[in-house]
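Take a look at the structure set out below.
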Amino acid sequence: MPYRRSPIAGGGGIHRVARVAVLAVALIVSVPTIALAQVPDTARVQDLVVTATRLPTPASEVPAGTTVISGDDLRERGVHFVLDALRDVPGMSIVQTGSYGAVTSLFLRGGESDYVKVLLDGVPLNLPGGSINFANLTTEDLDRIEIVRGPASVLYGADAMSGVVQLFTRSAGARSSVEVTGRGGSRGTSDLSGHGDIASGRFSMSATGGRFGSDGTFPFNSDYRNAMGTLHAGYDAGAAGRIGVSARYDDALIHFPTDGSGNAVDHNQFSAEKSFAGGLAADRRVGAIGLHFEGYASRLNEGYTNRADSPADTNGFDFIEDRDGITWRKGVGARVDWHAASGTVATAGAGIERESDDEHDVGTSNFGFGSETDTSSSDNNRTTRDGYLQLLSNPGHLSLQLGGRVDDNSAFGAFGTWRGGLAWHLSPSSRVWAAAGTAFKAPTFSELFAQSAFEVGNPDLKPERSRNGEVGAETAFADRRVRLGATAFWQTFHDLIQFVNAAPGDPNYTNLGGASSRGVELTASAVAGAGLLLSAHWTFLHTEVTDTGAASSISFQQGGSLTRRAASVGGGTLAYRWRGVTIEGTALHVGARDDIDFSGATAVRVTLKPYTTFDFALDLPVFGSADRSPGLDLTVRGENVFDASYQQVVGFPGRGRTLLAGGRLRY
């Protein structure tokens, strides 16, 4: 696990974050009193979120930090990868080890990179144990991205320790349409996608396909390509209910010349990822009772290949290697929602999921005594049964959410979680809320079942677990043109699974670690004039290792901070929209953060310098679409336009200046 020492890791860091939290929440709470005379008490259509409650719920009634990102906005800005969209979300840190396609991790509110549950239309995309590589997730097919910051195991089970990211694919609109986008630019980059909708009576279908390719940032063996396709179909039978199916397929190939320290030394290694996610959902309302059924399957095929660079390349560990792994997650679930006349909704749900993992590794090594080829394989599975209850209620100016859940896993037994939250609506445009809960992360298959000369799993492991709390406030004033928000959060992590040295044949994994994180998320937005929009966010974070057990190391030190999490991250966007024209500029600042340098004989802790990047986007209509006539937009996007030099991981430079230009044709 990656850990680091924060620049504010001393006791003063905790008090500093606490002071910011108190001042920020107090300010947001006081603003409504000052601004009530300016806020008209008029009805307003509220944004609905699904992920926070599993039901379409007004965002103002959810006692949690939530963010919704529009897919149309992302495409208008030319944002191709989900990882770049998430950089502007409070509490999130994105870490990519270099060029396009390089392994990309998400740290939310100081938690580990495997503490966020990621879903596509309800289908889990994480590997068993929570890890996920964000490098290949793209935006062409997305209607929106919903983010819930805070524990969500009570609704989604394992791995939702710090939050949930759910991607919703596009569905057909009121009429059939076609859209084609193409662009190219720096480093031989090309990006081509197409989308089509068919709507006929009660039936609708939407399909998207795309291909992205680049020469990468290194002078050799840095090519990347990614092809994807999505299908979403639905049938709405009115009072008889509705049914929908969705599927997505990705095929990525990543060439990379770097070793584990970032040195470009290898001309002949690459990895491949082929993934599939498919789901079916059906809903029917019978009086006050809502019935929901879902089924899903996701498959990830990961491969790694390394060949000798030359006839002289015949020494070292695994100088020739082939790895291949296939992971499946398959499940079904059902839910009953009782809608009381008072607006209260009581939910009872249950499900079953089966996870399987099949791994093969063939490696050839030579340590001066001749070449030897070792072969290893594993084939394991586990099953989880779950049941949960949820209560949503809105008595007067309050919104209440209570939930409890039990997961029973064939590998590690039963585990219970709970969450409760309360929001108080001070006015139609202002609220405060508080929430607390627990969550857990399942052990990985390797941690449970590995059997090799270097790694032995422990079948007696318990899940990692967390306790969480947050308080927040939001307000809008000046006729709702200005919005402010502040959230203070704290998390404690227990039973962290650590790798330890052990006698041959004994397990290398045990539950013995503990850590904590706390911080403040600040947001602001304003409509400054006709078409002029401003938004900003900032996150202050303090993390600390509270219990190393027997696993103290350079990366996991008692009282130290967790690696690769900056103590301060923030940014802002200035956008101008007028008659279909969009001009937008975004700045992102990432503060100093610690990492571990493994390039020398001894690993050392280093501090990566803070950096700031600037992006811009231009969407210029040439002519607008109308009935039976196409529309054409010219698009330009610049990333890191001032060519800032930075590293997200020690030894791996971030992408330099990137310019892309093209067009979007709509009909």
Side-chain angles (χ1 to χ4, degrees), residues 17-49 52 57-70 73 88-91 144 146-150 394-401 421-435 470-489 519-540 569-578 582-587:
V17 170
R19 287 196 298 270
V20 172
V22 171
L23 290 173
V25 175
L27 174 63
I28 300 301
V29 171
S30 66
V31 166
T33 305
I34 301 171
L36 279 178
Q38 307 175 50
V39 181
D41 187 12
T42 57
R44 173 177 173 266
V45 177
Q46 300 192 60
D47 295 328
L48 298 180
V49 295
T57 305
S60 62
E61 297 178 8
V62 177
T66 61
T67 301
V68 179
I69 303 173
S70 164
D73 286 348
D88 294 328
V89 176
R144 68 189 188 279
E146 290 188 2
I147 300 105
V148 177
R149 302 187 297 279
N394 293 280
H397 294 286
L398 300 177
S399 296
L400 175 69
Q401 181 182 18
L422 183 67
W424 177 26
H425 303 273
L426 305 175
S427 75
S429 57
S430 302
R431 68 172 185 143
V432 295
W433 79 87
E470 65 182 279
V471 294
E474 295 175 343
T475 190
F477 55 96
D479 198 19
R480 290 190 173 91
R481 292 192 301 272
V482 179
R483 298 179 180 274
L484 302 175
T487 305
F489 63 87
V520 181
E521 299 161 350
L522 305 175
T523 60
S525 64
V527 180
L532 188 61
L533 308 173
L534 299 96
S535 62
H537 65 94
W538 208 274
T539 300
F540 299 94
V569 177
T573 297
L574 176 63
Y576 179 69
R577 293 184 172 93
W578 179 74
T582 297
I583 304 173
E584 182 175 291
T586 299

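Computation of the quantities below employed the complete heavy-atom set of this structure, encompassing side-chain atoms and omitting hydrogens, waters and symmetry-equivalent molecules. We're numbering straight along the sequence, starting at 1. Since this is a predicted model, take the numbers as computed values, not measurements.
Residues W433 and V62 fail the side-chain proximity criterion, which asks for heavy atoms closer than 4.5 Å. The side-chain heavy atoms of L532 and L574, taken from C-beta on, include a pair separated by under 4.5 Å. Side-chain contact check for I147 versus I69: some heavy-atom pair is nearer than 4.5 Å. Proximity of W578 to I583: side-chain heavy atoms (C-beta onward) are nowhere separated by under 4.5 Å. Under the 4.5 Å side-chain criterion, counting only non-hydrogen atoms from C-beta, T523 is not in contact with E474. Considering only heavy atoms from C-beta on, L422 comes within 4.5 Å of L398 through its side chain.
Considering every non-hydrogen atom in both P63 and A434, the closest pair reads CB-O, 4.2 Å. Considering every non-hydrogen atom in both F489 and V520, the closest pair reads CE2-N, 3.9 Å. Taking all atoms of both residues into account, the shortest heavy-atom contact from A52 to T66 is CB-CG2, 4.3 Å. When all heavy atoms are compared, the tightest approach of E470 to G150 is OE2-CA, 4.2 Å.
S525 and S535 form no side-chain donor-acceptor contact under 3.5 Å, judged by distance and modelled atom types alone. Checked by atom type, the side-chain pair S60/H425 shows no donor-acceptor distance below 3.5 Å.
In this view, T539 and P90, E521 satisfy the side chain to side chain contact (heavy atoms under 4.5 Å, CB included) rule, not counting sequence neighbours.
Side-chain N or O atoms of S399 include none that pairs as donor or acceptor with a backbone N or O of A423 at under 3.5 Å.
Atom CZ of R577 is separated from atom CG of L533 by 5.5 Å, given to the nearest 0.5 angstrom. Note that CD of E146 and CG of L48 are 9.0 Å apart. Values are rounded to the nearest 0.5 Å.
Looking at R431 and E61, no side-chain N of the basic residue comes within less than 4.0 Å of a carboxylate O on the acidic one, giving no salt bridge.
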